[in-house]
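Some notes on the structure that comes next.
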Amino acid sequence: MDFKNVEKKWQKIWEQEHRYHAKDFDSKPKYYILVEFPYPSGAGLHVGHTPNQIAMDILARKKRAEGYNVLYPIGWDAFGLPTENYAIKTGIHPKEVTRKNVEHFKEQIKSLGISFDWDREINTTDEEYYKWTQWIFLQFFKKGLAYKAEANINWCPKCKIGLSNEESEGGICERCGTPTLQKPKSQWMLKMSEYAEKLLQGLDETNYWENIKAMQRKWIGKSEGTTMHCKLESGESFDIFTTCIETVFGITYFVLAPENPLVDKLKDKIENWDEVLAYKEKSAKKSEFERTELVKEKSGCELKGIKAINPINGKKVPVYIGDYVLANYGSGAVMAVPAHDQRDYDFAKLMNLPMIEVIEGGNIKECAFEKADYLGKGCKLINSAGFSGMTVEEAKAALNKYLEENGLGKKECTYRMRDWVFRRQRYWGEPVPLVYCEHCGWVPVPENELPVKLPNVDKYVPTDDGESPLSRITEWVNTTCPKCGQPAKRETDVMPNWAGSSWYWLRYMDPHNDKAFADFEKMKYWGKVDIYNGGGEHVTRHLLYARFWHKFLYDNGLVPYSEPFDRRIQQGIILASDGSKMSKSAGNTVDPMEYVEKYGADVSRLGQMFMGDYTEMKPWSDATMKPCERLLNRIVALKDKVTKGEIRDENKFICASSIKKVNEDVENLKFNTAISQIMIFTSALEKQEKINSEEYKVLLKILNPFAPHITEELWEECKFSPKIEETAWPSYNEKDLIQNEVEIAVQQNSKIIGRMNISPTADQSEIEEKAKKEFAQKFENKEIIKVVLIPSRLINFIVK
RNA sequence: GCGGGUGUGGCGGAAUGGCAGACGCACAGGACUUAAAAUCCUGAGAAGGCAACUUCGUGUGGGUUCAAGUCCCACCACCCGCACCA
């Protein structure tokens, strides 16, 4: 059989029939399968895409055969840097680049026979799509969840542009290699922190893999502790957050983050302002790289002339700034208890500061006695006034109570997750639909004027001061205020490339709607995404952003469910064939499309699924292609032996067990072992002189999700009716799984002494008797103490 | 350092606490062929033995159990993610 021609034939038919179009409001139960939509790069489909699309295609095709109305859509997450950089280099409009790349991707995906519903194809860079991305952003703005704030950006002093985190990995400018700086810039933020608790709680409603939940929880980083209100001697107040309020009597100084605004306010009172300013500047210059990777040594600077008061005992202690205190976590200030926190300990040693031991049991001459060491061990407080003698746990409660009653603080939670810096000083992204008016401030573009279209520009490079190329188009920037009609300016930043992917699964449910981002009734019908397949690298950011947008929409009555995805699963990373990481620079990448050309789509699909456990990281191996090709050829050859007839008794077991195995394996994403079973099934049929049509149908049907083209062709050639797609998924009778005879192992003291065949329904005494008879010599002079029988598997005699 | 994961023949990988190595790859022998390719059949974890068989074997060391790749404790190696989070 000429696989490639057969595949083309069926791909054409499927396309003409719109066979995989999912109908809204169908009476069949719905099943929504989502794969992360690809970024259409110039390089085409790669091994990061194909196994996922194939795996979910197998699931989709099986679910359809089982009677589900399956929604399996695809689209393009097309805003992004590579396209923009390509445009900078070549001058070709990103829109044109995207169009070409998408075309290429589509052709490749279609050549694999993936059963996407092409009538629902979306593209984040289409005006009718990003209109709604902008619309949702405006809802955030209107609810006060989008705000402008100063935040640090990665700044390359040589290129004079702001870089994304990806472009400045390791604190080095990707373009020129210069270390990047942290530069404050006013930019749009989304108040994701407000949803921290909801995002955390919501995880319990989902069926994500536990490790994915764990990663999300860790990223959200909830930490329970105490916020304590502190005062300086000079009257100014500030808050600190601590998870170890039990150590409050051990405070010997406070540390503020160098960026803490309080520092500037104290300018006139600080005796060594020059020194403080120098330190502030030094730490601002430190790149992210230095601050996190290299320099773990503490540094800091005392605010001379400033003293803070420990609210618990009125003790006056010095105040420092130090860059080991992060400005954007907690309140940007800490109480320092060197005896019980290693970081404070190191800092105190460096600055020659005193320590007060307040929890018994450590050896603070060596190192700090930290909470990890003392919690839950019944350690008691010392040097802590009335709280001395309490256990740590008692003291925590008592101190929180005391602080609260005296208005000095309260129990609180802090989250590691920060607000979302929602900007990019670039061209190829969704324009932020806001206008700045001197009289009215930031004013949203009226909804009926959306989308704010991305205008054409001459140059795609950012301006010298790092502004978006849009800022150069004065006729676009200058507009009138929608509120007062006076001259105003458009926001020239665009949205980050995570924006379009933060709601796309909703658009698939109603992709052509021009009245709303999606119709509410349709969203109710399609419900949650039943299974969302994606890469591990998106488990934190994308998945949190997506859940955040969804929850926000839910809170505003715009979507019917509070969580977007029911299950989230992950494919394993495909490594190069030598087990190393695939990368363009190492030159060890694999183009999966090569195998489609060489072997055809069905073989390539099988080969990729047979490589190993779908969810485990594994090296690419083309060693699976040949045997899968062989398998299909063997199945084609079986056709000549087919005559009309029912499943014969002697084949009932292999049919039933194969259906069962494939059912379970596909549901559990064990595609490799499902293929093994199909191989076993094939071998069993091969051994027979002739094959009955109903037996062959079972084989074709369970293979169909894996190799949809060849199986449909064979089905047609055999003149089976109705069509393979219209034939229900095969069922089996439980009793067919019971064989007449099974081989069981006979053990003595847990060691195998032999094997024997026996009816699976035989009772224990029958089996015992048979074993004793067959292995009589092994039982001579032995006393049986105990017998363990595992039906159909083994019998174990414990003897003396 | 923290979080997550992985460790099984020459290789990819299978094994609801129940016969470790299914299914394949590569390998060897054989059949078909003038020959090769393709295809088919057979063999094989390792060590010892002519053999029936014996012993050892799932990263290491302990433990629970009639029975452990699987469960528990302690460690080692590698991979991924985060990293001064108070």
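Throughout, protein chains are lettered first and strands after them, A, B, ... in sequence-line order, and every chain is numbered starting at 1.
- Nucleic acid contact class of A:E743 (heavy atoms, under 4.0 Å, all strands): base.
- Nucleic acid contact for A:D344: none, since no nucleic acid atom lies under 4.0 Å from a heavy atom of the residue.
- Taking only distance into account, the side chain of A:K626 never meets the base of B:C25 through a donor-acceptor pair shorter than 3.5 Å.
- Cation-pi check for A:R568 over A:Y208 is not met; the charged atom does not lie both under 6.0 angstrom from the ring centroid and within 45 degrees of its normal.
- OP1 or OP2 of B:C82 has not a single side-chain nitrogen or oxygen of A:R416 nearer than 4.0 Å.
- Annotation for A:V358 and A:G250: closest pair CG1-N, 3.6 Å, computed over non-hydrogen atoms.
- Not one side-chain nitrogen or oxygen of A:R217 sits closer than 4.0 Å to the OP1 or OP2 atom of B:G3.
- The glycosidic torsion of B:G62 lies more than 90° away from 0, placing the base in the anti range.
- Between A:T414 and the phosphate of B:A86, there is no side-chain N or O to OP1/OP2 separation shorter than 4.0 Å.
- Counting any heavy atom pair closer than 4.0 Å across all strands shown, A:I798 reaches sugar-phosphate atoms only and no base atom.
- Nucleic acid contact for A:N328: none, since no nucleic acid atom lies under 4.0 Å from a heavy atom of the residue.
- Using a 4.0 Å heavy-atom criterion, one finds that A:I680 contacts the sugar-phosphate atoms exclusively.
- Heavy atoms of A:N211 sit under 4.0 angstrom from primed sugar atoms or phosphate atoms, though from no base atom.
- For A:R755 against B:C19, a side-chain N or O and a base N or O form a donor-acceptor pair under 3.5 Å.
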